[in-house]
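The block underneath contains the structure these notes are about, expressed in structure tokens.
Both ligands and their constituent atoms are indexed starting at 1 by order of listing.
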Amino acid sequence: MPDWLITGCSQLLTLRGAAPRRGQALGDPGIIRDGALFVHGDQIAAVGPRRRIEKLRGARRAEKLDLGGRVVLPGFVDSHTHLIFPASRAAEHQQRIAGATYEQIARAGGGIRSTVQRLRRTPDEKLKIRAFANLHDFSAHGTTTLEAKSGYGLDWKSERKTLQLLHELHQEQPLDIAATFLGAHVVPPEYRKRPEAYVDLVARRWIPTVATAGLAEFCDVFCDRGAFTVAQARRILAAGRACGLVPRIHAEQLARTGAARLAIELHAASADHLEKINASDVGALALSNVVCTLLPGCCFHLGLAHYAPARELIEAGAIVGLATDFNPGTSPTVSMPMILSLACTQMRMTPAEAIAAATINPAYSLRCHDRVGSLEVGKYADLAAFDVDDYREIPYYFGVNLCGLTMKRGTVIHSKNR
Ligand code: NIG
Ligand code: FE
């Protein structure tokens, strides 16, 4: 593996400094103009103004990579994806265009349950090929680390298969994947009349097995109307935590249930969605270390006007993050740049805030902020270079992929000729 001297960064957004970021600090990307990086092996050995970095002894001997004036950021950390699924649900999209709601479709047997039925009969190899292609597209949009959930199996064989696939994918392609066990996505059809028995099965049997086998780092619950109650989510996440699985939670997307308060109570790493929180939830979240992971791709794809209250959260001092929520039902996108555009136009986050919320804060929520999420000495050389003159153009342009180069741990994994 060669060492690299990377120059030609018109703006180098380092995101250096204390993590996670809240309030005013969210808006300071730590920009170096005409910046450079010296990469040794898989790590950043030096970062700063080009004139200083190119004089370093090791840098002079290193392979030269001139980015020609691109804007350089830490690779995106996408902290909420449902990577493994068998097929799109484009027919449901069309039903919604005609007026049906997400919940109506789910109650009629579509939604998550339809993906579950299909995944159970899909061969592993097919799931893997689809996920590989998707991971390639994630990296082409500047993502270098992602979280991925199970939750479309909902029987032991298919949940285990999903988590094992995530493990294999982590080994076989360049992106880092953190696995989350989402056995409590919805109550599967077999348990429709006995939801408590399913909660029991997840909490008492599956979670200890997942934890002992090292199949996941995190545990998640879809705690919402039509899925699991706060009491059920508490049982499952507490069981997970007792086994060392860090809690995350799908909270307050469809209805205000109290799931955000549960996240605080359980010291969850992240509470995701939060469209339906009120002012007092905002205040409580701001006093906690729970990352408020906002998923504007869902509102966009579902055609909803009401986005999560990003400005209120930021101004109150909460830790705000952004993620794609890549999934076939509510957010079929791999593009963090698109999420940045939505965060800016629909939630009034500034471009700088959105970038911090897509890098260092989600890294904190995945407990890997000592390795990724900013461009600092000792961290992995994970970066994305954009074909723009100013970082604010990244969310400004939309529907076009301007990511010109992605590097993961010192290896170029995506490069577009200009
Ligand atoms: O984050 N809300 C639960 N999970 C996904 C939707 C999954 C699906 O519809 O397939 C979400 O929006
Ligand atoms: Fe989700």
Please list the nearest protein heavy atom to [atom] with its residue and the distance rounded to 0.1 Å.
{"atom": "atom 1 (O) of ligand 1", "value": "D325 OD2, 2.7 Å"}
{"atom": "atom 4 (N) of ligand 1", "value": "H185 NE2, 2.9 Å"}
{"atom": "atom 10 (O) of ligand 1", "value": "Y152 OH, 2.6 Å"}
{"atom": "atom 5 (C) of ligand 1", "value": "H82 NE2, 3.7 Å"}
{"atom": "atom 6 (C) of ligand 1", "value": "Y102 OH, 3.4 Å"}
{"atom": "atom 12 (O) of ligand 1", "value": "T330 OG1, 2.7 Å"}

Checklist entry - More than 12 foreign heavy atoms under 6.0 Å from CD of Q94: is that the case here? => result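 Atom CD in Q94 is not packed in, count stays at 12 or less.
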
Next on the checklist: Can you confirm whether R392 is buried at CZ, in the sense that more than 12 heavy atoms of other residues, nucleotides or ligands lie under 6.0 Å from that atom?
Outcome noted: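 Check fails, neighbour count at 12 or below.
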
Next on the checklist: So that I can tick it off, tell me whether E217 and R367 are bridged by a salt bridge, with the cut-off set at under 4.0 angstrom between side-chain N and carboxylate O.
Outcome noted: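 Salt bridge absent between R367 and E217.
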
Next on the checklist: Check this for me, if you would: do E147 and K149 make a salt bridge, where the nitrogen-to-carboxylate-oxygen distance has to be below 4.0 angstrom?
Outcome noted: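 Counted as a salt bridge, because a side-chain N and a carboxylate O are separated by less than 4.0 Å.
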
Checklist entry - Hey, which atoms in ligand 1 end up nearer than 4.0 Å to a heavy atom of Q253? => result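 Those atoms are 2 (N), 12 (O).
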
Next on the checklist: Ignoring hydrogens and geometry beyond distance, is a side-chain donor-acceptor pair present between H267 and R241 at under 3.5 Å?
Outcome noted: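 Distance-only check fails for H267 and R241.
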
Checklist entry - Would you say the side chain of I236 lies within less than 4.5 Å of the side chain of V199, judging by non-hydrogen atoms? => result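 Of all side-chain heavy-atom pairs linking I236 with V199, at least one is under 4.5 Å.
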
Checklist entry - For the atom pair CG (D224) and NZ (K276), what is the distance rounded to the nearest 0.5 Å? => result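 The distance works out to 8.0 Å.
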
Item to check | Row check, Y380 ring normal vs R371 NZ/CZ: under 6.0 Å, within 45° | outcome: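 Checked: cation-pi criterion not met.
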
Checklist entry - So, for P296 and L322, which heavy atoms are closest and what is the spacing to 0.1 Å? => result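 For P296 and L322, the tightest heavy-atom pair comes out as CD-CD2, 4.0 Å.
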
Next on the checklist: In this structure, does ligand 1 have an atom that sits under 4.0 Å from one of the heavy atoms of T115?
Outcome noted: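 No heavy atom of T115 comes that close to ligand 1.
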
Next on the checklist: For S158, give me all partners under side chain to side chain donor-acceptor pair (under 3.5 Å), at least two apart in sequence or on another chain.
Outcome noted: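 Applying side chain to side chain donor-acceptor pair (under 3.5 Å) to S158 gives D155.
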
Item to check | Closer than 2.8 Å to the Fe ion (ligand 2) - protein N, O or S atoms, ordered by chain and residue number | outcome: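 Short answer, with waters excluded from the count: H80 NE2, H82 NE2, H250 NE2, D325 OD1.
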
